Each structure stands twice: as structure tokens, then as C-alpha cells.
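Please read all numbers here as calculations on a predicted model, not as lab measurements.
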Amino acid sequence: MVGDDGQPIYNPEAEAARDQLIEKLCAMPAIMSALDALIEHFGTDAVAEVTGRTKRLVPIAGGRQKLESRSVRTSQAEASAFMEGRKRILIFSDAGGTGRSYHASLDAQNQQQRVHMLLEPGWRADRAIQGLGRTHRTHQACPPLFRPVTTDCRGELRFTSTIARRLDTLGALTRGQRQTGGQNLFDPSDNLESEYACAALLTWFDLLHAGKLTSTTLDDFQSRTGLELCNSDGVLKDDMPPIQRWLNRLLALPIDLQNRIFDEFLALVETRIAAAREAGTLDVGVETILVDKATVLEDRVLRTDPLSGATSHLLTLEIERRRHPVSLERILRLAADDPTAAFLRNSRSSKVALRTRARSGMGDDGIPISRIELHRPTRKEYLREADLFESAWETVDEETFSVLWVEAVAEASATVDTETIRLATGLLLPIWSALPADHLVVNRIVDGEGGTWLGRLVFDSHVVALFNKLGIDQAGALPPSDIARSVLSGGSVDIAYPFPATIKRALVNGKSRVELGGVPHEQLAWVKSLGCFTEIIQYRTRVFIPVERAAQIIGTLLQRDGSADPSTGQR
């Protein structure tokens with residue numbers, strides 16, 4: 001308020017409240033920095049400090065502190081104490097980490113696994129990456145565990161997102177493997193500058209303009225951030241602000257508003273990433289598949305480079321993997337941490353699962369999609385909350401759940417899964433365009449004996465198309481059972497013997513059939529003697545192979561041992 005003389009009028013009650021607050025704040029102990037708090041809690045005998053500060057206050061007996069001077073040689077002695085195992089905790093900063101290594105070196109006395117907690121990464125992502133590299137080097141006994149430490153303020157995702165993107169780029173450039181840089185520290189949804197995040201941001205702008213968001217309104221958002229999203233006609237601009245600018249402007253908003261906006265935005269991002277992962281188009285760099293045993297059943301050369309002589313191969317591998325179920329103790333800890341958790345049992349299969357709350361997704365229409373997470377002994381899955389009520393899952397008490405979980409863990413531990421896969425490996429660049437475009441993941445298969453195979457998985461439905469593009473005789477390259485599976489998956493196989501024809505999938509009366517197209521009319525009796533049947537559809541005779549006997553009939557059709565004579569139609 002302002003008086004008649006133009007002077008401000010102060011509220012005595014507000015002034016008294018202010019003075020009382022200042023008095024209380026001045027009586028409270030000062031908030032210590034993370035570095036000083038760790039040293040005070042664990043003590044200087046357990047903590048090795050390698051930083052750039054030359055003086056520090058250290059606690060002594062009687063609750064007092066003393067001023068301690070430090071030099072470059074002091075930091076060297078502290079680092080040696082940690083590497084020799086005399087001090088178990090190491091704290092280092094940018095200034096203290098230059099030129100030093102803190103990994104579990106085989107030459108060091110302390111070879112225990114490092115648990116590297118990234119605290120206060122700052123604005124410079126490259127420096128954070130450099131610091132992470134101090135504990136992860138070659139010639140080490142074991143790799144470290146990276147643990148970023150953040151608060152519940154969503155704005156911190158702005159910094160960790162940049163580190164995630166830089167780590168992925170670093171791993172892709174150094175060894176062609178994103179896991180090398182990121183160490184699986186970040187999920188694809190943590191990178192807020194990916195193509196999925198950019199697409200989600202455009203959808204977020206559309207929902208904001210349509211008034212379908214609950215976190216903020218268009219006018220309030222524009223006034224708070226200073227971003228102009230609409231033109232003079234009130235229509236969204238074609239050139240929207242980039243995601244980096246949008247993230248930076250969000251940092252100026254109140255924390256509660258930041259969190260609400262980020263929750264809606266991350267719901268859009270995770271919905272897109274989940275869809276890409278289910279479709280097999282999520283590019284996560286190289287994924288490592290750990291198996292207990294891998295056996296090469298077949299090694300087929302797909303292409304030989306005319307200049308260098310390098311070859312491209314299609315390997316058929318039989319892999320064996322033991323299951324690693326989650327223990328009862330761990331699943332009960334998860335249940336205790338989530339107040340909405342519930343113990344479930346499937347009334348049809350008698351399997352058990354723990355239900356916990358998952359982050360809600362969001363469709364392009366802005367409607368939240370409530371989801372739950374089911375923790376099974378060997379896997380976990382996400383379901384829409386509405387789909388759970390239509391399933392056979394029902395709640396049970398903890399005692400029943402524990403008994404069934406222990407039985408499931410024992411059964412899974414004794415199970416060895418055997419699977420046959422195909423892997424395109426070798427010189428892949430010349431045949432990259434021939435490989436399936438809807439499955440872009442590069443896999444590294446590592447068995448228990450140290451064997452390694454790097455390449456791209458090729459599924460049954462993709463083999464036929466791959467051979468077609470490379471001009472390989474498919475009939476001679478595939479066993480009859482694989483040809484039948486490939487055809488039923490939607491592919492087609494061209495054969496030259498016993499006559500030029502095509503084995504393909506056909507849809508007749510809503511059912512899938514295996515059709516043998518291009519059969520000469522004089523060979524109809526012979527192919528029918530093999531087990532095929534004919535139908536006249538739209539005045540044209542078509543030949544079909546029974547689905548249940550497709551592999552057997554295709555094998556008989558393609559055999560060249562003289563047991564069948566297509567020229568005479570006699571066997």
C-alpha cells in the first residue's frame with residue numbers, strides 16, 4: 001500500500017513475521033556442503049579427499065574444528081591411500097581428478113569393485129564424462145557401478161539427459177557400442193534430446209495449445225517462459241522452439257510446476273519408446289546377450305567382397321541360457337517400498353506376480369493411460385490397469401504368495417532354455433540394406449567360455465527376403481521346416497527345381513494357406529500325389545500345400561535323389 005504522501009505503508013504483522021523467521025534461520029546450524037558432510041560423517045581416517053582446495057576444516061575431539069592446510073602432495077598421498085585400501089572412500093572433483101586413475105587396477109592392492117556416485121554433475125557434461133572415466137579403465141579387475149545422485153526436482157533431468165546423450169555418443173565413437181560409454185547407466189527415456197523426445201515435445205505443444213494438459217495453460221506457459229508458440233492468428237508456429245531451449249526455460253519455473261510438466265512430457269516419451277521397443281525399431285546401439293553355451297550349427301557365406309576378400313556370414317547358433325529368478329527377499333522389499341503393491345496369483349496357470357504402480361503413459365490425445373508393472377520371477381511386464389481386470393489375476397495373501405514364489409524360483413533355477421537363432425555377421429556394411437529394416441538392434445552374443453559373436457539377428461520371417469535380395473538359392477539354403485515357417489510368416493520362396501515356381505502365403509476365406517504358385521498344368525497330378533490339393537478360385541486353378549504337412553511336402557518336392565520324377569509324374 002502507498003499513502004497519500006507517496007510513501008509505502010508497511011504491515012506491522014508482516015514485519016514481525018519476517019523478523020521472527022530471520023531469528024529462527026540464524027539460530028539453525030548452517031547447511032554443510034556435500035564434501036564436508038561426508039568427511040564429518042565418515043571421518044578423515046576413512047575418506048580420501050582429492051580436490052583442489054588448499055585449506056579445510058576438519059572435526060576434532062570435543063566437537064571442535066581445526067583448520068588444515070593441504071598441498072598437491074597431500075592429494076597424491078590421499079589417492080595412494082585409497083588405491084592401497086587404507087581408506088575405503090574417495091571423493092574427487094574436476095581439479096583433483098586430472099591425470100589420475102582410480103579404477104580397480106590389477107596392479108593396485110585395492111581391487112574391490114568401485115561404486116561411483118556422480119554427485120553435482122554441473123553444467124559441463126564432458127567433465128562429468130571425464131570423471132566417470134577415472135574409475136573405468138583397461139587392465140582392471142572388475143568394472144565399476146555408476147550411480148547418479150539426483151533429487152526429486154525434475155529439472156535435474158536437464159543435466160543427466162545431456163550426460164546420457166554424450167555417453168551414448170562417446171560409446172558409439174570409441175568402440176561402436178553404446179553400452180561401452182553409457183554402461184547401461186541410462187535408459188533411452190533418460191535422453192531428453194533423442195528423436196523420441198523431440199517427437200513427444202511436438203505432441204506436448206499440440207496438447208498445450210488444445211488445452212488438454214493439467215499442468216499449465218498456453219498463456220501461463222508463454223508468460224512464464226517467454227517462449228512464443230503461436231503466431232498473430234493464434235495458430236502454433238511451424239518453427240517451434242528446440243527441445244534444448246524448452247528444457248532451459250523450464251528451469252526457471254517453480255519446482256512443483258516443473259515436476260508436473262515433466263511428468264506429462266515423460267509420459268509421452270515413454271509411450272513412444274515402449275511402442276518402438278515392442279516393434280523392434282528402438283535403436284539402443286549394441287545389446288549384449290549373455291548365454292551359458294553357444295554352438296554354431298551352420299555357417300553360410302552370404303557375400304564375398306571382390307576386392308578385399310572379406311566375407312559376410314549367416315550363422316545358425318544354438319544357445320543355452322539358465323534363468324536367474326528374483327529371490328523372495330528382494331520381491332518382498334519391493335512390495336514394502338510401494339504402498340499400492342499387491343500379491344497376485346493367476347487362477348489359470350497358478351503363476352504369481354507382484355503388482356506395483358508404474359508411470360502413466362499418455363496418448364496423442366492427451367488422455368493419461370494408467371499402467372501397472374507385474375514383477376514375475378524371471379521377468380517383468382507392463383499392463384494397462386484396465387486390462388488387469390479382464391485377466392485371470394487375483395489377489396492372494398502374503399503367505400500364499402511366498403510359498404508359490406519360492407516354488408517358481410526353484411523351478412526357474414533348474415530350467416535351461418535352448419533356442420536356435422540366426423546372426424548376420426562379418427562384413428555387414430555391403431549387405432546392410434538387405435538386412436531387415438524393422439529390427440535395427442545390433443547384438444553381441446557372449447557365452448560362458450568367452451566366445452563372442454557380433455552381428456544382427458535375422459528372424460525366420462526375414463530370411464527369405466534376405467536371400468531374395470542377395471540372389472541366393474533359397475531352396476538349397478534353407479531346410480524345409482524353415483521354408484515353411486518363413487512362408488507362414490509372410491515371406492515367399494522362389495524355386496527352380498523341379499520346375500520354376502513360388503512358395504508363398506495366401507489368405508483364403510480368412511485363413512492362411514501355403515500356396516505353390518506357377519505349377520505347370522502337366523504337373524498337377526504329380527504335385528497332388530505328394531499331398532497337395534487344388535481349388536478353382538475365380539476360374540483359376542490354384543495349388544495349396546496343407547499347413548500341417550507343409551515341411552514334409554516341401555522336402556519331398558525339393559529332393560533331388562530321383563525318388564520322384566516330375567517329368568512322368570511317377571514315384
Side-chain angles (χ1 to χ4, degrees), residues 29-151 156 159-160 163-164 166-167 170 179-186 333:
I31 299 176
M32 303 180 65
S33 66
L35 176 59
D36 292 329
L38 289 171
I39 293 177
E40 181 179 355
H41 181 77
F42 293 102
T44 55
D45 294 336
V47 178
E49 178 190 343
V50 185
T51 61
R53 62 179 183 175
T54 58
K55 296 182 183 296
R56 69 175 183 179
L57 288 173
V58 294
I60 58 176
R64 296 178 298 170
Q65 293 179 322
K66 72 173 182 178
L67 184 64
E68 182 181 84
S69 298
R70 299 173 58 82
S71 63
V72 177
R73 183 169 298 181
T74 306
S75 297
Q76 294 175 352
E78 294 275 63
S80 299
F82 173 74
M83 296 300 289
E84 294 172 3
R86 290 184 282 112
K87 293 190 176 183
R88 303 295 304 279
I89 301 173
L90 171 70
I91 304 175
F92 70 94
S93 62
D94 291 341
T98 304
R100 292 190 175 94
S101 297
Y102 307 116
H103 63 297
S105 174
L106 295 176
D107 298 329
Q109 186 174 353
N110 180 10
Q111 297 183 7
Q112 291 184 332
Q113 185 180 40
R114 274 54 168 163
V115 181
H116 191 151
M117 297 186 181
L118 178 61
L119 183 65
E120 299 178 359
W123 292 87
R124 295 286 301 275
D126 54 345
R127 291 187 178 179
I129 295 171
Q130 202 172 40
L132 293 174
R134 300 292 171 196
T135 55
H136 188 32
R137 302 288 180 92
T138 57
H139 195 62
Q140 61 184 2
C142 56
L145 294 177
F146 290 149
R147 293 291 181 263
V149 181
T150 60
T151 65
E156 287 194 71
F159 308 111
T160 57
I163 297 173
R166 295 286 183 87
L167 283 173
L170 177 65
Q179 288 178 343
T180 304
Q183 292 296 304
N184 285 335
L185 181 64
F186 298 100
R333 287 199 302 268

*Which value, rounded to the nearest 0.5 Å, describes the distance between Glu49 atom CD and Ser75 atom OG?*
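One gets 7.5 Å once the value is rounded to the nearest 0.5 Å.
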*Atom pair OG/CZ of Ser80 and Arg100 - distance to nearest 0.5 Å*: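 Atom-to-atom, Ser80:OG and Arg100:CZ are 8.5 Å apart.
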Check [X] against [Y] and note the closest heavy-atom contact, atom names and distance.
| X | Y | value |
| --- | --- | --- |
| Glu78 | Val47 | OE2-O, 4.0 Å |
| Ser93 | Gly52 | OG-N, 4.0 Å |
| His136 | Pro144 | ND1-CD, 3.4 Å |
| His116 | Leu132 | CE1-CA, 3.8 Å |
| Cys142 | Ala104 | O-CB, 4.1 Å |
| Ile89 | Phe82 | C-CD1, 4.2 Å |

Please answer whether the main-chain N or O of [Y] pairs with a side-chain N or O of [X] as donor and acceptor at a distance below 3.5 Å.
| X | Y | result |
| --- | --- | --- |
| Arg114 | Gln112 | yes |
| Ser105 | Asp107 | yes |
| Glu68 | Lys55 | no |
| Arg134 | Phe92 | no |

Would you be so kind as to tabulate the donor-acceptor pairs closer than 3.5 Å made by side chains of residues 35-44, with sequence neighbours excluded?
from	atom 1	to	atom 2	distance (Å)
Asp36	OD1	Arg53	NH1	3.1
Asp36	OD1	Arg53	NH2	3.1
Asp36	OD2	Ser33	OG	3.2

*Tell me, yes or no, whether the heavy-atom count around Arg137 atom CZ, taken from other residues, nucleotides or ligands under 6.0 Å, exceeds 12.*
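Enclosed: over 12 neighbouring heavy atoms sit under 6.0 Å from CZ of Arg137.
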*Is it the case that more than 12 heavy atoms not belonging to Met32 sit under 6.0 Å from its CE atom?*
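Atom CE in Met32 is crowded, with more than 12 foreign heavy atoms closer than 6.0 Å.
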*Audit row: Leu118, Val149, side-chain contact (heavy atoms from CB on, under 4.5 Å) steps and yes/no*: CA-CA 6 Å; Leu118 178 61; Val149 181; over 6 Å; no
*Is the shortest heavy-atom distance from the side chain of Gln111 to the side chain of Leu106 under 4.5 Å?*
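Counting from C-beta outward, Gln111 and Leu106 do come under 4.5 Å.
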*Go through Tyr102 and Val50 one step at a time and tell me if the side-chain contact (heavy atoms from CB on, under 4.5 Å) criterion holds.*
CA-CA 11 Å; Tyr102 307 116; Val50 185; 3.5 Å; yes
